[in-house]
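The chains referred to below are lettered A, B, ... by the order of the sequence lines, with proteins before strands, and numbering in each begins at 1. Owing to the predicted nature of the structure, the values given are computational and were not obtained by experimental measurement.
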Protein chains: 2
Amino acid sequence: MTSVKPTMSDVARAAGVSAMTVSNALTGRRPVSPATRARVERAAADLGYELNLTARHLRAGRTDTVALVVPHFDHPYYGELAARMGRHLADQGRHLVVEQSGARREAELAAVAPARWQLYDGVLLSAVGTTPDDLAGLHTSVPLVLLGEQQMPARYDHVRMDNVAGARLATRHLLATGSRRVAIVGGADPDRDAGMRTARTLGWTMAHTDTGTAPAPELLVRTGPDLSAGRDAVRRLLSDGTDFDAVFAVTDTLAVGVLAALAEAGRRVPDDVQVVGFDNLASSGFTVPALTTVDPGHEQMAVETLRLLDQVVARAASGEADGRSSGPEHVTAPVRLVVRATTRSA
Amino acid sequence: MTSVKPTMSDVARAAGVSAMTVSNALTGRRPVSPATRARVERAAADLGYELNLTARHLRAGRTDTVALVVPHFDHPYYGELAARMGRHLADQGRHLVVEQSGARREAELAAVAPARWQLYDGVLLSAVGTTPDDLAGLHTSVPLVLLGEQQMPARYDHVRMDNVAGARLATRHLLATGSRRVAIVGGADPDRDAGMRTARTLGWTMAHTDTGTAPAPELLVRTGPDLSAGRDAVRRLLSDGTDFDAVFAVTDTLAVGVLAALAEAGRRVPDDVQVVGFDNLASSGFTVPALTTVDPGHEQMAVETLRLLDQVVARAASGEADGRSSGPEHVTAPVRLVVRATTRSA
DNA sequence: GGACGTGACTTTAACGATAAAATCTCGCCA
DNA sequence: TGGCGAGATTTTATCGTTAAAGTCACGTCC
């Protein structure tokens, strides 16, 4: 009947105590006599009382919740990132909520609009589609750590993977195992932007330079981000008659598409064409054949990101006028090559 | 220097007006003279004023944000679900945030603790690991729509896929294309619980009954949820020497593991062993060979879910004493078989 | 020319929880 | 018996915003 939500005052009235005592009884923040506590709990249960977190947050100025903003929920890389972050934060008694930006500049900036930030103790922004200028323009005091491979303004903490080293490692492995014509699927012109694709393309180029060669321009294939893009890229190479005996796919997602296209064309992997990916997704060990890939140090990235976040939060809490206790850090996680069955052992 | 965040009062002081006028000027809710508005905007910009959403929410009692609680961020099914929901809500100018429950009963109940719900206008709970009793015990007025294959209390709106029909369709296809020994990977005893696995196992059994046969008990393989579980299940079947010429994997994720194990054992798909999955994930079209699977009507599920949520929200807003305008609905989305290359055409 | 409407703005009072300060109640000791 | 302190509980004020009611100046109309 009384469909309105009961408040602490209602519980207090029912239990014959003050609202403050209800608060103390339920949170245990200050001592309350056992008898009173029992009465309060009874009343709260009877009324179906539910704590209003919004009110608590307003008062406390904290939410114990961290937001992670990713471009897409349905990209496995971000799913794994979110899951890992969520586990770490849960261990610390904090919450993670994930928001999607859609990789559109406006949406990403909206998701990260200062107003929305205030709902969280901190924001982890996996930036794609924003330029350094977009971010540089923001003036906010909400703790922010950037994650990702874009060029980022130096004033924020930033965690990234070692794209260049990883790509170099991958490509070098292909060259060392006998491939001579290594296509890069998902590559980008080094002068275009400073994103992940560019860095990985640079690594691919450097691996060639290392062995005193240079990659043929027609082996650089630009693509979209998803599975079909990988498949289409290989189809294009094949139909163009481009000669290649290995593929470095800039992401594992693209690599899956690459494998599909090679299988459909009857090219044997790794005998005719070797393949290496990048990201070491959970599913990458289960492709046919199992994908050789670059592990970008997921765990280190997660740990470092949260360390930086705590640092920024602490800095903000301590009035942040506390001097250069520590400036923003820019961390690069170490990469590692995971050799599986899409490359030859010799 | 003044590192504290400016409030509306600060802006008001700076602009020489009252806080209320600042509110009106910035939101446009009530008219303000152009000159004043300009002055206010100027002051707000100068001070770097950011609206405090927590305070607004406390006052307004609405957040324009919907939460989706899923068991795992890193399971592609949930990622795709979240992405789809997020797109729909964004189109309506609302926000979606995703939380992870970890599929542990306690965490799921904590994530959906009534206290947390109040942060959102509504909650979509993708329940796994909760029993109907857990949910039945909750009395809350926060709009809630359940999503998933568990047995759910009837008093909540609920959207599910047609697991039985899908599994039956999949298995029937295997039998119709010449398979006689169809293993089910990830199956469950029908009497154990009323979850997704049980329903899909039931469909598998029914397809056999339909053709006047009965599945051999040793063809029912219980597994964990992830990729390696699918691979291990097939390895076990092979090492046990169990005869089988087809596999119905209860999820696409398991199916990917199944394909990996078959490839590693040198069984040809679909010639020696046919395979069908369930879920039609984005990546399922790119396995080698491309996976035949059951599409669970993703889009219908998303649309129905949001329709129900709006209904519940409206019901709650209208005082909900408004009588049986409409009781809780239980929607089952229609399934569809997507035939690709892991099954034979005849 | 006095009552009344209208637009622009201000004041007051919440929303619900809780920190900090004030009060109240005992039990205990000199 | 009076005083004191410790613990339990209440009171007061506040977090930042905004709905609702109040004030004020300036026209307008009969």
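Across all strands, B:Thr36 comes closer than 4.0 Å only to sugar-phosphate atoms, never to a base (heavy-atom distances).
Within the 3.5 Å criterion, the main-chain N or O of A:Val17 finds no donor-acceptor partner in the side chain of A:Thr21. In this structure, B:His72 contributes its side chain and B:Asp74 its backbone to no donor-acceptor pair below 3.5 Å.
Bounding nucleotides for the chain B contact on DNA chain C, 5' to 3', at a heavy-atom distance below 4.0 Å, are C:dA8 to C:dG16.
B:Val123 has its side chain out of reach of B:Val66: every pair of non-hydrogen atoms, C-beta onward, lies at least 4.5 Å apart.
Taking both residues in full, the closest heavy atoms of B:Val98 and B:Ala82 are given as CG2-CB, 4.0 Å, listed atom of the first, atom of the second, then distance. Closest approach of A:Arg160 to A:Met301, counting heavy atoms only: C-CE, 4.1 Å.
Under a 4.0 Å N-O distance rule, the pair A:Arg13/A:Asp10 qualifies as a salt bridge.
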For nucleotides 15-22 of chain D, 5' to 3', base contacts (B), sugar-phosphate-only contacts (S) and non-contacts (-) with protein non-hydrogen atoms under 4.0 Å give BBBBBB--
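Relative to the axis of its first five pairs, the axis of the last five pairs of the helix from C:dG1-D:dC30 to C:dA30-D:dT1 sits at 70°, rounded to 10 degrees.
Under the 3.5 Å distance criterion, with hydrogens and angles disregarded, a donor-acceptor pair is assigned to the side chains of A:Glu299 and A:His88. There is no side-chain donor-acceptor pair under 3.5 Å between B:Glu329 and B:Tyr156.
Between A:His158 and A:His330, the ring planes are perpendicular. Angles over 60° get that label, and only those under 30° would be called parallel.
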